[in-house]
Each structure stands twice: as structure tokens, then as C-alpha cells.
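Worksheet: the structure to be examined is printed underneath.
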Amino acid sequence: MHKKFLKPYEASQESLIYDEWEKSGYFNPDNLNGKTNYCIVMPPPNANGRLHSGHGTDFTLKDILIRFHRMMGYKTLLVPGSDHAGFETQGEYEKELKKQGRSRFGMKDKDLYKEIFDFVMSHKHVMENDIKKLGISCDWSRNKFTLDKDVISTSCDTFIKMYNDGFIYRGKKCIHWNPKFQTSLSDIETKFKDEKGKFYYFKYGPFTIGTARPETKFADKYIIVHPDDKRYKQYKHKQKFTVEWINGPIEATLLKDETADMEMGSGAMTITPWHSQVDFELACKYDLPVEQIIDWDGKLLPVAGEFAGLKISVAREKIVEKLKTKGLLERIDENYEHAVRVCDRTNIVIEPQIKSQWFVKMDKLSKRTLDSLDNKEYKILTKTHEKIFRHWMSNPIDWNISRQIIWGIQIPAWFKNKDTDKEEIKISKEIQKDGWVQDTDTFDTWFSSGHWPLVTLGYPDSKDMEFYPTQVMETGADLIFKWIPRMIIFGLYLKKEAPFKDIYLHGMTQDAKGVKMSKSKGNGLSPLDLADEFGTDATRMSFVVATPPGMNTILTKDKVRAYKKFSNKIWNISRFVLENIEGENFENKKVSSLKDKELLSNLDEEVSFVTNHIKKYRMDLAAERLYHYVWHEVADKILEDSKSIFRNGKQEEKDSRKQTLYTILSTSLKLLHPFTPFITEIIWKELPDGYMKDDKLLMISKWPEHEENK
RNA sequence: GGGCGAUUAGCUCAGUUGGUUAGAGUGCUUCGUUUACACCGAAGAUGUCGGGGGUUCAAAUCCCUCAUCGCCCACCA
């Protein structure tokens, strides 16, 4: 009797195995004998966060592919890494600062960067332990962080190369400016606040225009009405008018555009492109001049005439007063409710301003990406996603890569007389003296993470570049137009080759109500909690089964619980088989019974099915098939049948069956290993040496032989 | 506003290119403890495959339409 197997299965035994795998060195391809490379790069999770169920699905699928190919004899590499997660982490750290009664405003950028860096480094191991807990067989000796020196250096090199090749230019964009703290803010650093205010109606030539911000209107020269608005039918698009305005007569032009809201006020509005996102877009559409009215401190510029230098809050009433005197004020709506954009943390009202930002020209790069797809240099596995991808890439707009945060890679651009007519630019990674000031903006996170397959493999000259291009990029479907195109673009641009051969996108993980799991909704199921409660193997199974490529999956505890029972089943099958083959020597015996030959032939079919489906990225179907084979065939039928043979059969029948059971068990363990690595490795230790046990570690034992196209 | 997808047993979902009697898990009913396992086994009940129309010898599967839900992107659509 096997003493150890008298105990029931407990998932807690899993924790001992990962160390053993890691110490064996076989996560590192340098220690594998295979000739053909098989490499997958893991999308980097937030270094400062925990893994969520999306990562669970993500990493489990990759690990299945890696473990399968390792057993198939490939030289496999799964590269781990972590992301600095710009916005999110800076926000987290600001909360931390708040607890200490401090604020990022007033801090030097460099000091803040250093503090966040140390903060993240001290938390990174938590997320990494999460990956280990899920049993992911990645090579930790190649671990990467998105702010490692070489990543920064490579991203900057690409920026410089693209600038010199004419792919990068400086263009204007409307940003959120905090005038008190003299900084621009990202979208998520701002929020809307409902406010009750006044809405003014002024005479503007033959029109009545409505506005909540009279102080911005000095240089407004364009009136917008809806093309279908019957009130303005008699006027023509681009018709000119001379109108009396705040500081005397000006020439105004009428534009008919659908942006105008007929329901709002009089249906006519004037635009102030420098201080409004929507107006700026209109100005770009019609190629209108844009003029700054309010300076960076929130005071009026000389264009305001007698009001120049006044704070906008003071100026407003005075301007209304003047217009009233001139007889241009029609009426004031006192109860105007609207949402004002304010700084998320300081509640300071945001002043939209136009600032120059860096853009990447996308037309040629996108076209090249599509050409490469047409030439089948890489494949997108699901047709739906290929359609979305093609559509997106066929209509590229230029990519704004400037971000107004500190926690990122600072753009290697230097200025003299920035944002003036005399602006001078120098692009360089080196520190510049003589009055040159570096751009305070950082790269959009996708700019640096677009280099991920390159930098994780040590681009440009590391030996690891032999793993480039990688085999497959497997990630959440939401990244089809964020990350995937960027990686392909940079791969093609720098290395003349797409960074992966296949693109496999899994869906989003949803809760029981079909809502996407996310931190903000608080409906997530932590894969770590699930692993604690039901075991990692069960959790992995639940991530895989019923998760076909591209489809959303719903994760519930009931599902995981079902696979915990499955783990128990595997354990007890093994217990039964091991107890019955105890002390047998299989070397010279053959399977003699016809029934047993049939069982082994059925087993071959399982091997073929599982193998071929993993190759086709249908891990979901492979896992489901294994589940049914192991439970309802092996346990329910074969084991039950064996009991009567062992009780009443002839010696020859018994021997034949024992041999058959051992073959079925060892083969099943191999087939199951990529899906449920822990329990299979634990049981593998108990198999008698020799015969089917070709290596001490199941992880690197040989995948069962199979027929190719069954 | 635009795009994409889903709708199959009480619940959560499979169903690969159309092809016998539509399948799993979970839940439910009855029975059962014999060489692993009660985290078990055996047997069973449950479905107008969202509604309507079309193509076909044949539709859960292909086409059209309506309804409901979800996801993504919002100067790209």
C-alpha cells in the first residue's frame, strides 16, 4: 500500500512544487536541449498591483502553451515582466502622499519620480508572487520592468530615429491646464463638478449668442449654427458680417456645422478655439486661426484691451457690465446648471489651453502593418478581431504620444523659448546645457510598451534576439487597437519583422451578471483567493474551459468548485492505480487482453485530440475533453471494470490490466500537466521509476506520441 | 453617436465547415457505501435553441428583420 496516498487530496500541497521547478532551472531555455525555439512574452501587469482574473486567464493560457511545447521538446521561453502603469501608479502614490499630508504639487519632478520608483520597487514582489502562485513557468532570470534603463534607452532611440525619419512632428492639442499649480493634467486626473451659474445672451450682429464664459469672447470671429436650423435659413455658410463687440467692431463669419446644438440657447454660438476642446476641433476642421486669450496664470492677455491683466473671475462681471452699457446684453439666465471640469485632487477649475505635443504620423506605418498582414507575415486568429483590426488600421489618425505625467519616460526633446515664435528644438538623449530645457512630458505608455517584445529579448544586440519573432501574442481583446498595433509597428519599423506569428485574443472575464470584472466596479474575483480556496489547478481549469478564442467568459465560484472536485478525482484515480500496481515490474510484460488493447487505442485518440487542439489554440476544448475522459471514462468505467478483474480474473488478465492502468495513468498525467501542473507533478513523484516515467520531473518529460491528423 | 458581440435546461455555459434522438457543469428527484473518491456512484425529469420571416431535402448553425443585454471606441467608426 502507498502510505502517502491514504490521505485525501489537499490543495495546500501545491505550494511546495513551484520552488522545485524554479530550482531545476528548466524555466530557462538555456538549460533545455530542444533545437526549435518557442517563445511567448507575457504582457506586463502593473508592478504595483495584484493580479486579477483577466491576468489569470491570460497567464494560464500562455503557460499551457509553454508547458505543452516544453514537453514536446521545444526550447521554450516565457518572459515575465511588469509595467510602471503611469496614470494609475502616480495616482496611487499621490494618495500615499496625501496620507502623509503632502502633495505632488510643488515637488520637483525628479524627486517625485525617485520616490514613486522606490515605492513601486518595494511592492513589485507581491505581484510577482501572484504569478508564481498561479504556477506560471516563466524565466525569472529574464524579468523586465518597463522603466528599466535599457527600456528607457531603446524607447528614446526609437523616438530619435522616428524624428529623423520624419515620422514624428510637433502639433497642437487641447489639454487640461491647472493655472494655480502650473501643470497640465491627464483626463483621469480631472473630474466634472456640477455647478449653478449664469448663462448670458448677447447681441452679436443679427444673432443672439449664448455663453457661460463672456471673458473668453474677445477674439471670437466665427458664429456656428446648425445647417438644419430654420431660424438661420436666410444666411449662407461662410457669409461675413460686421458686428459691434466688446472693444469695437469686428468682422465675423458664419459657419454652418452640425456641432451646433439647436436646442441649446438660441442655437447660435461663437467659438474660442484656444480655450475649448470642441471649439478647437472645429477650428481644425475649417482651418481657422486660433488665438490665446487667457495666459498660463489665468489672466487676460493684451487682446482683451482695457481688461488685459485681469483675473478671469474678476473680468467676467466687468465685461458683462460693458456689454450692457453698449446695449448688447439681451438677458441673463440665472439658473444655468452645467458641469465644470476641475482638478481631481485640488478642485481647481481647469482652463483648457492649446499646447504643442508630439505626434507620430500613422498613415505609412499603418499601411505597412496591413501589408504585412496581407502577406501573412502574422495572423490574427479570430475573424472578428481581424475585421476590427483592419478597420482601425485603415483609418489611422496621428498618435499623440505626449503625456502630462511624471511617472513615465521623459521625452528626449530639449527646448529654448518653448511655445513662442522663437522656439528651438534639439532632440537628444544626452543632458543639454546652455539654457536648453527638457520637455517635461513623458511618453504615452503604449509608446514604450509597444517595444515590449523587442526590449524583453534585449534588442538590438542580445543573443536572446534569436527568440524573435515570438510565437504568439495572447492577450485580452481590448488591446486589439491599443497595444497590438503598436508592437507590430515598432517590430516592422526597427526589426523589419512583426514581433509574433500568431495573435490570439481571449475575451473579457465577466461576473455572474455578464458585467466585465474590474477594480472600479468591485465585482472581480481574485485568482489568488480562488487558488487559496479551491487550489491553483482548479482555478486554472476554470479559466480555460469554456473560454474559446475571442469570447467573453463568465467566472463564478461554482465553476471553480467543480474543478476542485476534478482535482480530487485525479488524486483518487492515482491512488487506486498506484495501490494496485505496487511492486510490479513492467519491463517485460505485454498487454494481452483484447479489451485492454482497445482501451489503449482509445487513449491514443485522446492524445491526438488534446495535442491537435492545443496546436490549434483550442485549449478550451482540449481541457473539456480531458475532463470527461478522466472522470467518466477512466474513473467511472475503466476503474470500476478493473475491480472485478482484480478480484476474479486470471493472472494474465490482471497483469495486462495493471500494465494498461499504468499506461493510462502516466499518459493522462502528461496530458493534464499543462492544465493542472501542480497535482500532476505531485503524483508523478509517486510513479515507480523507469518504464513510462522518462524523467523525474513531469514538467520536462516527453509528451505522449500521437498521430498527426486524427 | 459609431463599431463589435451575445440571446440554447431553474442557473452558468459548450455545440469546429448546415446532417441521426441538441450536450456539459451546477441545481432537482429516486436508489446505492462493493479495492480510490460522499469533493462518490447508478438511474431519471427538465429545452417552441430570444420573437418573426427567408434560403435548403435538411437550420441552434446561413441570410434579413425586430427586441433585449453586454463590451469597446468616442475628431478615427
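In this text the structure is predicted, and so the values were computed from the model without any measurement. Excluded from the calculations below are hydrogen atoms, water molecules and symmetry mates; all remaining heavy atoms, backbone and side chain alike, are included. We name chains A, B, ... by the order of the sequence lines, and we start the count at 1 in each one.
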Inset, instruction - Using both distances under 3.5 Å as the test, list the Watson-Crick or G-U wobble partner of U16(B), or none. - result: none

Inset, instruction - Compare side-chain N and O positions of Trp631(A) against OP1 and OP2 of A24(B) and report whether any pair is under 4.0 Å apart. - result: no

Legend entry - Contact under 4.0 Å: Arg618(A) side-chain N or O vs G15(B) OP1/OP2: yes

Legend entry - Any side-chain heavy-atom pair of Pro485(A) and Met393(A) under 4.5 Å: yes

Legend entry - Side-chain N,O (Lys564(A)) to OP1/OP2 (C37(B)) below 4.0 Å: no

Inset, instruction - Please answer whether the main-chain N or O of Asp596(A) pairs with a side-chain N or O of Ser593(A) as donor and acceptor at a distance below 3.5 Å. - result: yes

Legend entry - From Phe543(A), Trp631(A), Tyr627(A), residue fulfilling ring pair (Phe, Tyr, Trp, His ring centres under 6.0 Å) relative to Tyr563(A): Tyr627(A)

Inset, instruction - Measure from the side-chain N and O atoms of Arg657(A) to the backbone N and O of Ile645(A), and report whether any donor-acceptor pair falls under 3.5 Å. - result: no

Inset, instruction - Give a yes/no on whether any side-chain N or O of His632(A) is located under 4.0 angstrom from OP1 or OP2 of G25(B). - result: yes

Inset, instruction - Please tell me which of the listed nucleotides, C40(B), U16(B), U35(B), lies nearest to the side chain of Phe576(A)? - result: U35(B)

Inset, instruction - Could you tell me whether Arg647(A) contacts a base, only the sugar-phosphate backbone, or nothing, with contacts defined as non-hydrogen atoms closer than 4.0 Å? - result: base

Inset, instruction - Mind listing the residues from residues 635-643 of chain A sitting with a heavy atom below 4.0 Å of RNA chain B? Number order is fine. - result: Ala635(A), Asp636(A), Leu639(A), Glu640(A), Lys643(A)

Inset, instruction - Report the residue from Val607(A), Asp604(A), Leu600(A) that forms a side chain to side chain contact (heavy atoms under 4.5 Å, CB included) with Thr667(A). - result: Val607(A)

Inset, instruction - Run the salt-bridge test on Glu386(A) and Arg390(A) with the 4.0 Å N-O cut-off and return the result as yes or no. - result: yes

